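Here is the structure we will look at.
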Amino acid sequence: MSVEGAGLIRGFIETGRNLVGSYVDPRRWVTVQYPEERRATPENSRVYPFLVYDGADPEEGLRCVSCKICEKECPPQCIYIVPAQDERGRPRKHPAIFDIDISVCMSCQICVEVCPFDSIKMDQAYAWDREDRFGGLLLHKADLARPNRYYRELHPAEARVVDEHLARERELRESGVRAAVRASLPGSGEPGGGT
Amino acid sequence: MNMEGILALTGWGGLRWVGPVELFERGPVWLRDWAVGWLPEGAKVWAEGLIPAVAVLAVFGLLFGLATVAERKLLGRIQNRPGPNRVGPYGWLQFAADGVKMLTKEDVVPRSADRVLHFLAPIVMLAPVALSLAVIPYGRDLVAADPRCGLLFFFAVGSAAEVAAFMAGWSSRNKYSLLGAMRAIAQMISYELPLVLSALTVVMMAGSLSLVEIVEAQSGYWWGVIPRWHVMTPWGLAGLLLFMAAAAAASNRAPFDLPEGESEIIGGFMTEYSGFKYAIFFMGEYFGMFAVSGLAVTLFLGGWQAPLAVLEAAPSYGWFFLKLGVMIAWFIWVRGTLPRLRVDHLLNFGWKYLLPLGALNLLVAMVWRGLGGWAFPGAGAVRWLACLAMIGLPAILWGRLLMRSRGWGPRVYRYAS
């Protein structure tokens, strides 16, 4: 049989060691001092969507063609798109308005899955504290646009696949045999997403 | 010693040179006499009573604030967290922020509550505990009141907390509150007995109920090194352990915090309290912890006596508050380590274990006194060991017997290990 109180003393030693140890060795800490110190998010983490643009101009470089597929597929219907029009009133392949209400968004990533143009991707920025809980959380086109560089930083592996795919597409388009080859490339209508 | 001397006011009008030792030791008393000296003759007697009361409340009020922060910081460290570290230097002003928060919160009273009792309960909780702080000697001449029956006063007044807990639980009209209140009554009354018994041992040996005299009975040193505190004797050591176990229960501290039981009965008798009333309860609880810690220091740890003759230069109240701090740290450590007991375990532990051992300890103290006449070489050691065995062996054997009769023992996890 064990000695009386041995278990108690072991417990006290354990907590005492924590007490002293957490002063000596900050690596023992199980908490993060949040605003000053932030843990890196895992590569596959996702919060809210953003729009990818190529080149330097966040307005003209947008990949979005305002096809409205994401708007239709979005389960909580937090996306609102109005296509741009040219001077003669015909729709351009460009959004005039692209809003996402992130107070409604449920981070399901369905918009990313359905986008045929790789123009909408998931962001990892989670600190969306705003003074105004309605207007402040309604993100407009300018708030959403991020360069492709940013996407590469967030999801390096995924971005490489998407970049390769887009490059191949562009090559084919320029060589004029796009239609012929498209049939021989199964699944190329659903590029990249999720890999 | 710095013999330069410091000019100090000694009493009303008298000026003379005193050393820093005397300045710090007598300073608080001089300050009181100086303040009283300003007043007209009729007001002096009131001021002499009021000034110590205000001083005690101010010191313990501040200590309450610091203790809440210290508790949260140490508990955090025990769980490998930093604890509160935002408000003020290293978070030590957290209590001020908490106080403002408590003051500005809405004071919710349930519609069917007994409003008068609901309002009175926190006051009834805090007032007696604050009263019991009056009889504890904090320094050589620092005691707010020294009645001849100081210890009796302490326990008599302190037991009003049970009434307050039940008032709170009953007036809230809430089942959780009532459950908590009934637990509180059962627990506090059960543990008052071993608490008083272990204090009684000291009364018997010191021959006085006055806490000032009990401290003075512990002055001096064995062979000039070991202080003659009661804890240095077998009955004192056992008494301190019994006292601390009972004191934790009597002041609703972990691991005996069943009346609150945040995880089971969501705050117990404090469930329906919010805002500053809750803060008052909280304060009463901490004051209770200070009071029993102070009493433990007074009864067993030599009160304001220094541990070594050389260290007597430091002010006596410094020693008292150092010891008090150690006791508070101990309570916090216990809270961070031990899980909460079950109600029946708690009552069994109180009635079947602590109470018989407390009574036995009384006997051991008598034997200790009886064996004091031995004069052969090594008599001291033999007397010490004999008395230790007299309380230690029954403690172990009785504990084993109880464990076996209830089928308790080290827990075996058949499928996990």
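Per chain, numbering begins at 1; letters A, B, ... match sequence-line order. Atoms considered below: every heavy atom in the structure, side chains included; atoms not considered: hydrogens, waters and symmetry mates. Quick caveat, the model's predicted, so the values are computed rather than measured.
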CZ (A:Arg160) with more than 12 external heavy atoms under 6.0 Å: no
Whether A:Arg28 side chain and B:Asn80 backbone form a donor-acceptor pair below 3.5 Å: no
Proximity breakdown for A:Glu14 and chain B, heavy-atom pairs closer than 4.5 Å: neither
Heavy-atom pair with the smallest gap, counting every atom of B:Gly336 and A:Thr15: O-CG2, 3.7 Å
Heavy-atom closest contact (B:Trp333 atom, A:Gly16 atom, distance): NE1-N, 3.6 Å
CD (A:Glu36) with more than 12 external heavy atoms under 6.0 Å: yes
CH2/A:Trp29: more than 12 non-hydrogen atoms of other groups inside 6.0 Å: yes
Side chains of A:Ser22 and B:Arg81 in contact at under 4.5 Å (non-hydrogen atoms): no
Min side-chain heavy-atom separation B:Gln79-A:Val30 under 4.5 Å: no
Close side-chain approach of A:Tyr23 to B:Arg77, heavy-atom, < 4.5 Å: yes
Most chain A-contacting option - heavy-atom pairs closer than 4.5 Å, from B:Leu75, B:Ile78, B:Leu74: B:Ile78
Heavy atoms of other groups near A:Glu43 CD, more than 12 under 6.0 Å: yes
